[in-house]
Amino acid sequence: MKTLRLVLGDQLNLQHSWFKQTDDNVVYLMAEMRQETDYVKHHIQKVVGFFMAMRNFSEALKKKGHHVIYLNINDSENHQDLEKIIQHHITELGVEKFEHQYPDEYRLDKQLSDICESLDIKTEAYGTEHFYTGRYELRDFFQGKKQLIMESFYRMMRKKHDIMMVNGQPDGGKWNFDHSNRKKWNGSPLIPKELNFEKNVNSLLDEINEAEIQTFGNIDTESFNWPTSEAECEELLEYFCENLLKYFGDYQDAFHTEEKFLFHSRLSFAMNSKMLSPKKVIDRVLEYFYENQSDIHISQVEGFVRQILGWREYMRGIYWMKMPEYSNLNELNNHNPLPEFFWTGETKMNCLKQSITQSLDDAYAHHIQRLMIIGNYALLTQTHPDEVDRWYLGVYIDAIEWVEITNTRGMSQFADGGIVATKPYVSSANYINKMGNYCKGCHYKSTEKIGDKACPFNALYWNFLDEKKEYFENNQRMSMMLNLLKKKDPKEMVVLKERAKEIIAHPERF
């Protein structure tokens, strides 16, 4: 039976059981499509990264002896639309069965489901063999429970997969070392030289320009620095274990003007494209830890494992539990536009300038830059979550909707009304000053609340609490903040709210 198997751009798992054996009757189909480059405006590094990774994956399959049809973005037979491409090749090859792996984005899942229904040949869907959990495992775990608490899910995952467990108890005597993972980095310990893949991408960039794909952000065409093959992903994993794991937990929430990446692994693109499995990452990190226990504290490792085994799987579970309705949630009724400086980095607020410029330069920022600086500002200025979603989905190389929208619309913007987070992650300048050095040398003063030199985050913070106080009046986790709001001098609040309104109305002035 002649079979056509589709491989999507984020299904680059060479270890999938599909590829264990070659079969002359099986043809693999991969395509770079305008459908995927255009549904949101992407960072140029994201387009380059996925195209390179897809091409490398295709070549790896061919070397294994598989029959692969690969459509470059400018190929004359590339219809740029998934349904048209599939239909064309079914007819052209005389295909009797169409197979695909379940997509991880709702829109693609719906599209492929509709395509399969329209075909008059046999169809079959397979798992991606990537995640620890099935699509609906989280939904089933929380059935009948009022809150979807990540910690309880994480503990279940640790037990189920026997990860960092000793005789049924958590290794190190604690499930969670989060309180140990909040140190500010001030130049020590030293950070090893960054691993750089230094790839020249000029020819690929020419193809993207020829296709007239609209992108944004910056790229070093002589030294593209993201892993785009399984071997490079494994090299990056090894580099992380040997050079960064020792201090990852301590400084995972820190940020600094002199070090953009600190001790972060930057393995998210490798995993979200499925070039590297979460199991392989966790297994290698734990293997390295147990071989070097005298040199690495367990808190460093637990913080890393929690992000992957806990948070990553949890967010995917929320996505499949709540979509498609989740993508329209706007519980706080925020409707302001995203400021222009999100596309340029040109603002006098140094924390935003640093974080946004880094995002535009590297298609990457770590979770605290995304959550407590960029996301914090977007929420305090009451920006429409649709606009925030589009920016986050486009700017980061690791952003695929299943992981982006739950983190952005849920964790960051509280647009889901508390499904993911029990309170909004907002702060004044105090937190930003506490966790990094962005406030030093800034045009504004983090300690001042009123006046031209007062940090905008301070006025925005109190204004947000005042604007949303009725919504949060029954939220116990907000009670301390709301009590402080009640104690504020009414005259000071008038000044703070006026300044906040000016910031929101004229972000270009700040």
Side-chain angles (χ1 to χ4, degrees), residues 7-12 30-58 72-74 80 82 103-105 107-108 196-197 199-229 232-233 236 260-261 264-276 312 338 342-345 355-367 369-370 374 387-408:
V7 179
L8 296 172
D10 65 340
Q11 296 178 340
L12 310 182
M30 299 182 70
E32 301 164 2
M33 292 180 286
R34 291 303 296 265
Q35 171 188 307
E36 295 306 295
T37 61
D38 295 2
Y39 75 93
V40 71
K41 192 175 184 180
H42 296 288
H43 196 294
I44 183 58
Q45 290 188 45
K46 187 177 183 183
V47 179
V48 167
F50 271 98
F51 281 9
M52 283 192 77
M54 290 167 67
R55 293 181 184 192
N56 288 336
F57 182 84
S58 168
N72 285 6
I73 192 67
N74 295 312
Q80 305 296 343
L82 187 57
D104 286 305
E105 286 202 353
R107 65 182 178 86
L108 283 169
N196 195 323
F197 295 107
K199 287 173 281 196
N200 187 307
V201 296
N202 278 298
S203 60
L204 177 52
L205 198 61
D206 288 342
E207 292 180 54
I208 291 168
N209 290 332
E210 182 187 341
E212 297 183 343
I213 295 169
Q214 297 299 305
T215 62
F216 70 103
N218 307 312
I219 187 167
D220 183 346
T221 59
E222 304 291 334
S223 185
F224 184 72
N225 197 24
W226 287 100
T228 54
S229 69
E232 287 179 350
C233 293
L236 186 59
K260 292 189 284 191
F261 306 129
H264 289 271
S265 71
R266 293 192 301 137
L267 286 166
S268 52
F269 173 62
M271 286 193 289
N272 292 356
S273 59
K274 299 185 181 62
M275 289 185 286
L276 203 58
R312 187 172 186 265
L338 204 65
F342 270 65
W343 308 95
T344 66
S355 300
I356 292 174
T357 299
Q358 178 181 322
S359 302
L360 296 171
D361 285 347
D362 300 294
Y364 173 85
H366 70 64
H367 64 283
Q369 292 170 306
R370 298 188 200 194
I374 302 172
E387 295 213 11
V388 184
D389 266 340
R390 280 192 292 268
W391 187 83
Y392 275 83
L393 185 57
V395 76
Y396 295 121
I397 195 169
D398 55 20
I400 299 169
E401 190 186 61
W402 67 266
V403 69
E404 175 277 323
I405 198 170
T406 44
N407 274 288
T408 302

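The structure displayed is predicted, hence computed values, not measured ones. Side chains included, hydrogens not; waters and symmetry mates left out as well; all remaining heavy atoms used.
In the model, Asp361 has a side-chain atom that pairs as donor or acceptor with a side-chain atom of Asn218 under 3.5 Å. Between the side chains of Gln35 and Gln80, no donor-acceptor pair of N or O atoms lies under 3.5 Å.
Phe197 approaches Glu232 most closely through the heavy-atom pair CZ-O, 3.5 Å. For Pro103 against Gln11, the heavy-atom pair with the smallest separation is CA-NE2, 3.8 Å.
Taking the six-membered ring wherever Trp is involved, the centroid distance between the rings of Phe50 and Phe269 falls below 6.0 Å.
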*asked:* Quick one, Leu267 with Leu236, criterion side chain to side chain contact (heavy atoms under 4.5 Å, CB included). Give me CA distance, side-chain angles, the key distance, then yes/no.
replied: CA-CA 7 Å; Leu267 286 166; Leu236 186 59; 3.8 Å; yes
*Would you check, one step at a time, whether the test side chain to side chain contact (heavy atoms under 4.5 Å, CB included) holds for Phe51 with Asn72?*
CA-CA 9 Å; Phe51 281 9; Asn72 285 6; over 6 Å; no
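For Glu36, the side-chain hydrogen bond (donor to acceptor under 3.5 Å, both in side chains) partners two or more places apart in sequence, or in a different chain, are Arg107. Annotation: side-chain hydrogen bond (donor to acceptor under 3.5 Å, both in side chains) contacts of Thr221 (sequence neighbours excluded): Asn202. Partners of Tyr396 according to the side-chain hydrogen bond (donor to acceptor under 3.5 Å, both in side chains) rule, which considers only residues two or more places apart in sequence or in another chain, are Ser359. Remark: His367 engages His264 in a ring-ring contact (aromatic ring centres under 6.0 Å, His included) (not counting sequence neighbours). By the salt bridge (charged side-chain N to carboxylate O under 4.0 Å, His left out) test, Asp206 pairs with no residue at all, sequence neighbours left out. Every side-chain hydrogen bond (donor to acceptor under 3.5 Å, both in side chains) that Glu401 has, sequence neighbours left out, goes to Tyr319.
Residue pairs meeting the side chain to side chain donor-acceptor pair (under 3.5 Å) criterion with at least one partner in residues 40-58, sequence neighbours excluded, are Glu32-Arg55, His42-Lys46, Gln45-Trp226, Arg55-Glu207, Asn56-Thr228. Residue pairs satisfying the salt bridge (Lys or Arg N to Asp or Glu O under 4.0 Å) criterion with at least one member in residues 210-226, sequence neighbours excluded, are absent.
Between Glu404 and Arg370 there is no salt bridge, since none of the side-chain N atoms of the basic residue sits less than 4.0 Å from a carboxylate O of the acidic one. Look at Lys274 and Asp104 and you find a salt bridge, because one of the NZ, NE, NH1 or NH2 atoms lies within 4.0 Å of a carboxylate O, short of that distance.
To the nearest 0.5 angstrom, Ile219 atom CD1 is 13.5 Å from Leu360 atom CG. Residue Asp398 holds its CG atom at 3.5 Å from OG of Ser268, rounded to the nearest 0.5 Å. With values rounded to the nearest 0.5 angstrom, Asn196 atom CG is found 4.0 Å from Ser223 atom OG. Note that CG of Leu8 is 12.5 Å distant from OG of Ser273, once rounded to the nearest 0.5 Å. To the nearest 0.5 Å, atoms CG (Leu108) and CH2 (Trp402) are separated by 14.5 Å. Expressed to the nearest 0.5 Å, how far CD1 of Ile208 lies from OG1 of Thr215 amounts to 7.5 Å.
Looking at heavy atoms from C-beta onward, Phe216 lies in side-chain contact with Val395 at the 4.5 angstrom threshold. Glu105 is not listed as a side-chain neighbour of Ile405, based on a closest heavy-atom distance of 4.5 Å or more. Contact of the Gln214 side chain with the Asp38 side chain is not registered, since no non-hydrogen atoms from C-beta on lie closer than 4.5 Å. Side-chain contact check for Lys199 versus Met52: some heavy-atom pair is nearer than 4.5 Å. At a threshold of 4.5 Å between non-hydrogen side-chain atoms, the residues Ile44 and Leu205 count as touching. Phe57 has its side chain within reach of Val7: a pair of non-hydrogen atoms, C-beta onward, lies under 4.5 Å apart. Between Thr408 and Trp391 there is no side-chain heavy-atom pair separated by less than 4.5 Å.
Judged by distance alone, the side chain of Arg34 and the main-chain N or O of Ala211 form a donor-acceptor pair under 3.5 Å. Side chain of Gln369 to main chain of His366: a donor-acceptor pair is present (N/O by atom type, distance under 3.5 Å, no hydrogens or angles).
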